[in-house]
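A short write-up of the structure that comes next.
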There are 2 protein chains.
Amino acid sequence: MSEPLDPEMFDPVCPSSAMPIQIGDKWTAMVVLCLAGGPRRFTEIRVPLRGVTPKVLTQTLRAMERDGLVTRTAYAENPPRVEYELTPLGRSLLDLVAAARAWSREHLPALLAARAAHEDGAPVGAGRPEA
Amino acid sequence: MSEPLDPEMFDPVCPSSAMPIQIGDKWTAMVVLCLAGGPRRFTEIRVPLRGVTPKVLTQTLRAMERDGLVTRTAYAENPPRVEYELTPLGRSLLDLVAAARAWSREHLPALLAARAAHEDGAPVGAGRPEA
DNA sequence: CAGCATCCGAACCGATACTG
DNA sequence: CAGTATCGGTTCGGATGCTG
């Protein structure tokens with residue numbers, strides 16, 4: 001599995017940004033998806049997560065490592081190479097992520113419609129229920 | 001379904017507080033569970049969510065209402081009575097919540113163990129995902 | 001009973017700049 | 001390449017006190 005990740009794997013325009021389901025931190029679920037096909041390098045993961053800064057991605061990866069979701073393997077080469085890979089525990093999240101995505105495909109439009117309808121009648125500063 | 005909710009429905013000691021899965025805001029998933037059995041009143045919902053302030057619960061409920069997950073019915077009585085009930089859309093989250101809980105039952109101990117093991121070797125201020 | 005108002009602290013995310 | 005360091009802004013959740 002060495003095909004490069006699709007840069008548009010996570011379209012920023014996709015309403016999934018408004019998804020009420022979250023796994024770990026903001027990027028955790030996406031990282032899980034990125035690593036679903038096998039080990040990936042730091043920079044490789046950054047591509048589909050357009051806009052994520054190295055600091056934040058490092059935070060996410062470190063947290064996942066702490067929680068036993070990924071393994072980090074550094075090769076003492078030049079240039080340096082580091083690979084992240086899902087552990088069995090991390091892989092166990094794939095089902096959940098899939099379930100969340102299935103829910104979104106099926107019900108997110110209705111949720112978004114309800115939200116839009118409320119914004120019509122309620123011109124109050126609608127809070128963004130995004131975490 | 002008028003039996004009072006179990007005050008210990010969500011034990012604060014339960015490691016689910018460390019759960020990496022979140023539906024909506026912090027309390028949304030628990031509210032969904034509270035309303036699974038039928039309509040409930042504001043104060044009734046507060047009981048199992050020990051510690052939640054009315055402000056935050058109102059925020060949660062309002063957001064859920066906006067998103068079409070619950071309906072709010074106020075009865076112009078004295079004393080005032082308000083009931084919240086899951087919509088079909090809100091009920092559609094029950095499967096997802098169940099999936100998340102199933103994952104937790106099965107894998108959360110391993111995650112917590114991994115985290116604890118890391119804290120042994122890394123005495124750095126480990127990010128506590130709990131408030 | 002069912003909220004609302006106000007203040008506060010913590011968490012998280014992001015931009016920018018710099019290094020082995 | 002793979003990070004680290006620093007700074008800042010936004011959001012969220014909680015405590016307290018008051019009202020129709």
Side-chain angles (χ1 to χ4, degrees), chain A residues 4-5 10 12 17-18 20 22-31 34 39-47 49-66 70-85 122 124-131, chain B residues 4 10 12 17-20 22-31 34 39-47 49-66 70-85 122 124-131:
Chain A
L5 291 169
F10 307 110
S17 341
Q22 202 182 330
I23 315 267
D25 285 343
K26 181 176 182 180
W27 304 98
T28 306
M30 294 187 227
V31 170
C34 286
R40 293 288 182 180
R41 305 178 59 171
F42 189 86
T43 307
E44 224 172 352
I45 300 172
R46 279 194 73 182
V47 177
L49 275 46
R50 284 170 296 187
V52 72
T53 59
K55 189 196 87 170
V56 173
L57 182 55
T58 301
Q59 278 179 0
T60 302
L61 255 6
R62 290 280 189 278
M64 294 176 72
E65 202 189 348
R66 256 204 334 266
V70 301
T71 55
R72 178 181 181 277
T73 312
Y75 300 89
E77 302 172 350
N78 199 328
R81 186 164 58 97
V82 179
E83 282 193 340
Y84 294 92
E85 184 170 15
V124 295
R128 334 275 310 311
E130 192 54 21
Chain B
F10 307 110
S17 341
M19 192 157 65
Q22 202 184 328
I23 315 267
D25 284 344
K26 182 175 181 179
W27 304 99
T28 306
M30 293 187 228
V31 170
C34 286
R40 294 287 183 181
R41 304 178 59 173
F42 188 86
T43 307
E44 225 173 350
I45 300 172
R46 280 194 73 182
V47 176
L49 276 46
R50 284 171 296 187
V52 72
T53 60
K55 187 197 89 169
V56 173
L57 182 55
T58 300
Q59 278 179 359
T60 303
L61 255 6
R62 291 280 189 278
M64 294 176 73
E65 202 190 347
R66 259 206 329 269
V70 301
T71 55
R72 178 181 180 277
T73 311
Y75 299 90
E77 303 170 349
N78 199 327
R81 186 165 57 95
V82 178
E83 282 192 342
Y84 293 91
E85 183 170 15
V124 295
R128 328 301 284 18
E130 193 46 24

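Just so it is clear, the structure is predicted and the values come from calculations on it, not from any experiment. Naming convention: chains lettered A, B, ... in sequence-line order (proteins, then strands); numbering from 1 in each chain.
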Interatomic distance, Thr43(B) atom OG1 to Arg81(B) atom CZ [nearest 0.5 angstrom]: 12.0 Å
OG1 of Thr60(A) to CH2 of Trp27(A), rounded to nearest 0.5 Å, is 8.5 Å
Calculate the interatomic distance between [X] atom [atom1] and [N] atom [atom2]; express it in whole Å.
X: Arg46(B); N: dC4(C); atom1: CZ; atom2: P; value: 13 Å
X: Leu61(B); N: dC1(C); atom1: CG; atom2: P; value: 16 Å
X: Phe42(B); N: dC4(C); atom1: CZ; atom2: C1'; value: 10 Å
X: Glu77(A); N: dG20(C); atom1: CD; atom2: C1'; value: 16 Å
X: Lys26(B); N: dA11(C); atom1: NZ; atom2: C1'; value: 11 Å
X: Arg40(B); N: dC1(C); atom1: CZ; atom2: P; value: 16 Å
X: Glu83(A); N: dG3(D); atom1: CD; atom2: C1'; value: 16 Å
X: Gln59(A); N: dA5(D); atom1: CD; atom2: C1'; value: 12 Å

For Pro80(A), the side chain to side chain contact (heavy atoms under 4.5 Å, CB included) test, sequence neighbours excluded, returns none
Nucleotide nearest [X] when distance is taken to its side chain, options [options]:
X: Arg41(B); options: dT4(D), dG14(C), dA2(C); answer: dA2(C)
X: Arg72(A); options: dC4(C), dG3(D), dA2(C); answer: dG3(D)
X: Thr58(B); options: dG3(C), dG3(D), dG14(D); answer: dG3(C)
X: Thr43(B); options: dA2(C), dG3(C), dC1(D); answer: dA2(C)
X: Val56(B); options: dG14(D), dG3(D), dG3(C); answer: dG14(D)
X: Trp27(B); options: dG3(C), dG14(C), dG14(D); answer: dG14(D)
X: Pro54(B); options: dA2(D), dC13(C), dC4(C); answer: dC4(C)

Compare all side-chain heavy atoms of Thr28(A) with those of Met64(A) and state whether any distance is below 4.5 angstrom. yes
Is there side-chain contact between Arg46(A) and Leu57(A), with at least one heavy-atom pair below 4.5 Å? yes
Below 4.0 angstrom from OP1 or OP2 of dG3(D), is there any side-chain N or O of Tyr84(A)? yes
Please determine if a side-chain N or O atom of Arg62(A) lies less than 4.0 Å away from the OP1 or OP2 oxygen of dG3(D). yes
May I ask you to say what Asp25(A) touches in the nucleic acid, namely base, sugar-phosphate or nothing, with a heavy-atom cut-off under 4.0 Å? sugar-phosphate
Pick the closest DNA chain C nucleotide for Glu44(B) and for Lys55(B) by heavy atoms, then say which residue is nearer the 5' end. Glu44(B)
Axis-to-axis angle between the two ends of the helix from dC1(C)-dG20(D) to dG20(C)-dC1(D) (five base pairs per end, rounded to 10 degrees): 50°
Output, in order, the C-alpha distance, side-chain angles, deciding distance and verdict of side chain to side chain contact (heavy atoms under 4.5 Å, CB included) for Val31(A) and Leu49(A). CA-CA 8 Å; Val31(A) 170; Leu49(A) 275 46; 3.9 Å; yes
Test your reading of the model: is there a side-chain donor-acceptor pair from Arg50(B) to the backbone of Phe10(B), 3.5 Å cut-off? yes
Mark yes or no for whether Gln59(B), through its side chain, and Leu61(B), through its backbone, hold a donor-acceptor pair below 3.5 Å. no
